[in-house]
Q: 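Take a look at this one; I'll ask things after.
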Amino acid sequence: MERYLCCVLVCLLGLGLMRTEAFQVEVRDESNKTCIHASMKVNFTITYETTSNKTENITYSAPDEVSTAGSKCGGSEEAPLLVVNFGNNFSLSMNFSSNVTVYSVDAIVFTYNTADSTLFPDAKNKEIFTSVRFVGEPIPMNATYVCLHEEVVTTEDVVQVYWNVSLQAYAQDVQLKKEFHCSDDATTTVAPTTPKVTTSSTAAPTPTTKPVDKPSIGNYKVFKGTETCLMASMGLQLNASLLVDGKTVWTPFNINPNRTNSTGSCDNSTALLRLNDNETTIVEFYFTIKNKNFYLQEVNVTVFNASGFSQRTNSNLSLWEASVGNSYLCHKEQLITVSEDLYVHTFDVQVQPFGVNNATFATASECSLDDDSILIPIIVGAALAGLIVIIVIAYLIGRRKTYAGYQTL
């Protein structure tokens with residue numbers, strides 16, 4: 001924690017000491033039409049290990065002269081990709097996805113090279129590192145995302161600070177006039193009123209533990225090209241703290257699989273499942289791999305209405321773990337805490353974000369909640385213990401009666 005705070009402080013202080021240029025790029029398709037437009041200022045503060053086994057921080061700014069080699073406009077079977085290359089094997093990439101009404105940056109991937117002796121003269125490990133941060137903030141399809149204020153993106157060893165951001169994907173060679181500002185700009189986005197998710201400085205009330213109605217089970221898939229790369233089956237219920245008539249009330253509502261579309265992305269080490277319930281609620285599940293096991297790392301929930309959206313995120317999860325190539329299975333109800341005012345209840349979960357073959361689930365690794373086999377030895381052991389107690393008591397009573405039958409001579 002001390003190392004992380006130090007990195008953040010150095011990065012934020014560095015903003016006032018460094019002059020940062022903004023880079024501006026366009027990605028064009030084969031017909032020379034613009035599909036992605038991006039302009040922004042970015043500072044990177046990187047923590048690395050030195051040859052003397054100490055940790056150091058350097059702050060590096062993205063230059064104004066960059067290239068977009070590796071970027072793609074995408075198509076019906078491929079998502080757009082923005083890759084910004086600069087320096088000595090440094091790059092910043094953004095993966096996009098969309099549906100009919102919104103698009104989003106699914107992940108920000110920053111690659112840096114500690115073999116650059118100018119920036120890392122005493123680095124212990126001279127190699128290329130990759131830092132990945134899932135984002136998933138929804139943006140209306142007909143708008144340019146704008147954020148003049150600072151936005152901080154953190155990973156284990158890198159703090160990225162963005163400002164003066166203008167980003168437009170799926171541009172179709174048209175410069176959109178409508179702007180969708182980040183919440184810190186406070187110009188176009190306001191908190192939703194229905195449902196209204198509120199926060200409070202006081203302790204949050206206890207969430208509803210029993211759902212009003214058990215949600216229906218939905219079956220969802222994510223495709224990579226024409227192949228299924230992620231499969232999931234589950235029932236979902238959201239439990240939110242809503243403000244009703246001036247009172248905070250915990251209210252559950254179900255995700256309806258009959259009107260929910262599934263999209264997402266897959267690669268070798270990360271996967272995303274995005275569930276969009278009729279453009280009113282978006283639930284995103286981010287999976288990653290560690291030590292040959294996959295697990296659920298992050299859940300994002302976005303609630304829309306006519307006046308804007310409210311988003312809640314928990315990126316510090318370690319749930320639904322199973323071996324890569326297997327599926328995870330849990331029939332029992334589980335509770336995922338997204339924030340102090342929003343919970344997700346899951347029912348009959350089976351998910352496989354990696355190694356899907358022939359669009360079928362692989363062997364399932366069952367959760368401990370489903371394991372009732374331990375009850376059998378407990379019941380048998382308790383019965384045997386009870387029987388032993390009865391035999392001992394009967395034996396003691398029998399001995400007492402025998403002693404009472406003896407007479408003194």
Side-chain angles (χ1 to χ4, degrees), residues 1-23 25 38 40-72 81-95 105-135 150-163 165 265 267-271 286-295 297-298 315-316 318:
M1 178 61 72
E2 180 180 353
R3 171 176 153 184
Y4 169 77
L5 290 175
C6 178
C7 185
V8 172
L9 288 173
V10 168
C11 184
L12 295 179
L13 289 173
L15 290 178
L17 299 175
M18 298 184 62
R19 181 176 180 269
T20 303
E21 300 292 339
F23 66 78
V25 297
M40 64 190 71
K41 295 183 178 183
V42 193
N43 272 356
F44 306 95
T45 295
I46 304 167
T47 301
Y48 68 99
E49 188 176 3
T50 68
T51 53
S52 57
N53 295 325
K54 296 181 180 179
T55 56
E56 295 288 346
N57 299 314
I58 65 104
T59 298
Y60 177 70
S61 301
D64 56 345
E65 294 187 6
V66 298
S67 74
T68 57
S71 298
K72 301 176 182 179
L81 171 66
L82 173 63
V83 181
V84 180
N85 305 286
F86 49 91
N88 183 1
N89 289 325
F90 283 65
S91 68
L92 178 67
S93 64
M94 298 182 181
N95 303 73
V105 179
D106 290 335
I108 297 175
V109 182
F110 173 56
T111 300
Y112 59 98
N113 180 19
T114 56
D116 186 331
S117 58
T118 303
L119 294 174
F120 307 94
D122 55 348
K124 181 178 180 179
N125 301 308
K126 303 284 188 178
E127 56 186 291
I128 292 178
F129 291 87
T130 299
S131 168
V132 180
R133 182 70 170 90
F134 296 114
V135 185
E150 295 170 5
E151 289 185 296
V152 180
V153 176
T154 60
T155 54
E156 184 177 359
D157 293 316
V158 181
V159 177
Q160 307 169 43
V161 181
Y162 296 78
W163 72 105
V165 175
S265 60
D267 61 29
N268 293 333
S269 59
T270 60
Y286 293 91
F287 300 87
T288 191
I289 293 176
K290 185 177 182 180
N291 297 331
K292 297 183 180 181
N293 287 353
F294 72 81
Y295 65 94
Q297 182 184 45
E298 181 174 324
S315 58
N316 296 309
S318 185

Q: Output the distance between atom CG (N316) and atom CD (Q297), rounded to the nearest 0.5 Å.
A: 8.0 Å

Q: Tell me if the aromatic rings of F44 and Y112 count as close, with their centers under 6.0 Å from one another.
A: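 That pair fails the under 6.0 Å test.
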
Q: Would you please say whether a donor-acceptor pair under 3.5 Å links the side chains of T59 and T45?
A: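 Indeed, the side chains of T59 and T45 share at least one donor-acceptor pair under 3.5 Å.
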
Q: How long is the gap from CG on N113 to CZ on F129, to the nearest 0.5 Å?
A: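 Atom-to-atom, N113:CG and F129:CZ are 9.5 Å apart.
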
Q: May I have the step-by-step check of side-chain contact (heavy atoms from CB on, under 4.5 Å) for V132 and Y286, ending in yes or no?
A: CA-CA 12 Å; V132 180; Y286 293 91; over 6 Å; no

Q: In sequence, state the C-alpha distance, the side-chain angles, and the governing distance for K41 and E150, and then conclude on salt bridge (charged side-chain N to carboxylate O under 4.0 Å, His left out).
A: CA-CA 10 Å; K41 295 183 178 183; E150 295 170 5; over 6 Å; no

Q: Would one find more than 12 heavy atoms of other residues, nucleotides or ligands at under 6.0 Å from atom NZ of K126?
A: yes

Q: Checking the side chain of T111 only, and the main-chain atoms of T130 only, is there a donor and an acceptor separated by less than 3.5 Å?
A: no

Q: Applying side-chain contact (heavy atoms from CB on, under 4.5 Å), name anything that partners K54, two or more places apart in sequence or on another chain.
A: T50, S52

Q: Are side-chain heavy atoms of S131 and D157 found at a separation under 4.5 Å?
A: no

Q: Looking at every non-hydrogen atom in both residues, tell me the closest pair between F90 and L119 and how far apart they are.
A: CZ-CD1, 3.6 Å

Q: Kindly write out the residues that satisfy side-chain contact (heavy atoms from CB on, under 4.5 Å) with S71, not counting sequence neighbours, or none if the list is empty.
A: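 Residues passing side-chain contact (heavy atoms from CB on, under 4.5 Å) with S71: V27, T68, L82, V83.
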
Q: In terms of side-chain heavy atoms, does Y48 have a donor or acceptor partner in D122 at a distance below 3.5 Å?
A: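 A donor-acceptor contact under 3.5 Å links the two side chains.
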
Q: Counting only N and O atoms by type, is there a donor-acceptor contact under 3.5 Å from the side chain of D267 to the main-chain atoms of S269?
A: yes

Q: Would a distance-only check, ignoring hydrogens and angles, find a side-chain to backbone donor-acceptor pair under 3.5 Å from T155 to R133?
A: no

Q: Do V42 and F86 make a side-chain contact, defined as non-hydrogen atoms from C-beta onward lying under 4.5 Å apart?
A: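 A side-chain contact is absent here, since even the closest heavy-atom pair is not under 4.5 Å.
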
Q: Judged by modelled atom types alone, do S91 and N85 share a side-chain donor-acceptor pair under 3.5 Å?
A: no

